[in-house]
Amino acid sequence: MFGITPSSRLRPSPFFAATQSEGVCAFTSYNNMLMPTSFGHPEEEYWRIINGVSQWDVAVERQVQLLGPDAGRLAQILCARDLSHCKVGQGKYVPLCNHDGILINDPILLKLDDDRYWLSIADSNIWFWARAIAAERGLKVEVSEPDVSPLAVQGPKAEDVIASMFGDWVRTLKYFWFRETSIDGIPLVLARSGWSKQGGFELYLMDGSKATALWDKVREAGKPYGIGPGAPNACERIESGLISYGGDTDGTTNPFEVRLGKYIDLDVADDVVGIAALRRIHGEGVKRQQLGVQLDNTTPTELGFHWHGIYKGDQRVGDLTNCVWSYRLKHNIGFGLVASDCAPGDRVVVQKDGQAIGATLKTLPFI
Ligand code: THG
């Protein structure tokens, strides 16, 4: 194997030292940072998310802060989702599109105040984008990156762990809502959110120098519940139908193709970036759709993380954008970006290096 050359262009997370102590053994790059992906026990890490509780360094979900009198206007101009009812303390999942209606990120928006928002972004540069749009529209808003690093606590026992640290009020926190708080002088935003469907919270640490202290506090509080280290989990998220921007999308994907149409409001104002294109795409009907793909074979099959052609006979009907061994379904499963006339139940063939693998299209989520 090879190493990674450290560089200021590939920033380590403030939790780097803590994850090293936990035995992190693989990273990916995301938003020009290093994200832990494995602690060496993939199946154990999976079942911990399904049955227990797991803590993840997701500082790579970097924050784009919008601050100033026009912060709310800029947020709405960037997101084709109606934000007029979004309250202080509320978060929303907001697909971002370019002027052609192409998906360019899928952040969680946090409204911290009437004049202060964070976009907790997926893997693409939204500081450039937000600054450019703000400047072109003449808006009074400052776009910056605050010292914020999310730590996710995910799994059915996450609520007990977080309640034991912060109190029972966290049990009433609604999905994507958050509160600014602190623990032993460590400032953070506590949100009910996270990239799994097993329930959980995210602690947006607001002082990177206290990262090891926060990691250790969560670890200590989680001990009675069997907490251990983990990372955003490909198997769980594919079973649960969560998309990965840049993994399941390419430079031509619009939100309607990947089941994000419910987060697009076509009646937002005409000055929202991409809204005219989105109305047109919606009116014409999409050419592709995202469906589940279940391979016939029942042994773990490495497909590698690049797209593979999906065929009906000689005709290429789309792409398999990811594929994992599902520990619960005992099948290899993935997402297909396939022609609109395909339907769940259809038989297809996935081509892998000249090898044809039989498969069936499925509705999402799998579980
Ligand atoms: N946490 C934080 N920031 C993030 C992510 C995160 N930024 C990038 C990336 N992950 C954003 N992607 C998603 C995608 C889906 C969800 C969360 C983050 C999600 N979706 C639910 C669903 O699709 O069922 C619910 C959405 C809803 O109904 O509003 O949870 O993980 N901080």
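We count residues from 1, following the sequence as given. Start at 1 and go down the list; that is how both ligands and their atoms are numbered.
Taking the six-membered ring for Trp, Phe16 and Phe27 have ring centres closer than 6.0 Å.
Note: no N/O pair closer than 3.5 Å links Tyr93 and ligand 1 by distance alone. Looking at ligand 1, you'll find an N or O of Tyr204 within less than 3.5 Å of one of its N or O atoms.
The minimum heavy-atom distance linking Gly247 with Trp307 is given by the pair O-NE1, 2.9 Å.
Of all protein heavy atoms, the one closest to atom 23 (O) of ligand 1 is Leu242 CD2, 3.6 Å. Shortest contact from atom 3 (N) of ligand 1 to any protein heavy atom: Ser120 OG, 2.7 Å. Among protein heavy atoms, atom 10 (N) of ligand 1 sits closest to Glu61 OE2, 3.5 Å.
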Exercise for review: Start with the C-alpha gap between Ser84 and Asp82, add the side-chain angles, then the distance that decides, and say whether side-chain hydrogen bond (donor to acceptor under 3.5 Å, both in side chains) holds.
Suggested key: CA-CA 6 Å; Ser84 60; Asp82 180 12; 2.8 Å; yes
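Against a heavy-atom cut-off of under 4.0 Å, Ile121 is close to the following atoms of ligand 1: 7 (N), 8 (C).
Heavy atoms of Val58 found under 4.0 angstrom from ligand 1: none, in either backbone or side chain. Within the 4.0 Å heavy-atom criterion, both parts of Trp195, backbone and side chain, lie near ligand 1. By the criterion of a heavy-atom distance under 4.0 Å, both the backbone and the side chain of Ala122 are placed next to ligand 1. Of the heavy atoms in Asp106, both backbone and side-chain atoms come closer than 4.0 Å to ligand 1.
Donor-acceptor pairing under 3.5 Å is lacking for the side chains of Ser340 and Arg288.
Every ring-ring contact (aromatic ring centres under 6.0 Å, His included) that Tyr46 has, sequence neighbours left out, goes to Tyr327. With sequence neighbours left out, the side-chain contact (heavy atoms from CB on, under 4.5 Å) criterion links Lys210 to Ile186, Leu205, Asp207.
Hydrophobic clustering of Ile, Leu, Val, Met, Phe, Trp and Tyr side chains at less than 4.5 Å, counting indirect connections, unites Tyr263 with Val258.
In the candidate list Lys197, Gln63, Arg259, Lys197 is nearest to atom 22 (C) of ligand 1, counting heavy atoms. Evaluated by nearest non-hydrogen atom to atom 28 (O) of ligand 1, the leading choice among Tyr175, Tyr30, Tyr263, Phe176 is Tyr263. Among Glu202, Arg192, Lys262, the residue whose heavy atom lies closest to atom 1 (N) of ligand 1 is Glu202.
Ligand 1 is approached by Gly194 to a heavy-atom distance shorter than 4.0 Å.
Here the rule is side chain to side chain contact (heavy atoms under 4.5 Å, CB included) with Asn322, and of Arg237, His308, His306 only Arg237 fits it.
Within a 6.0 Å radius of OH in Tyr175, other residues, nucleotides and ligands contribute more than 12 heavy atoms.
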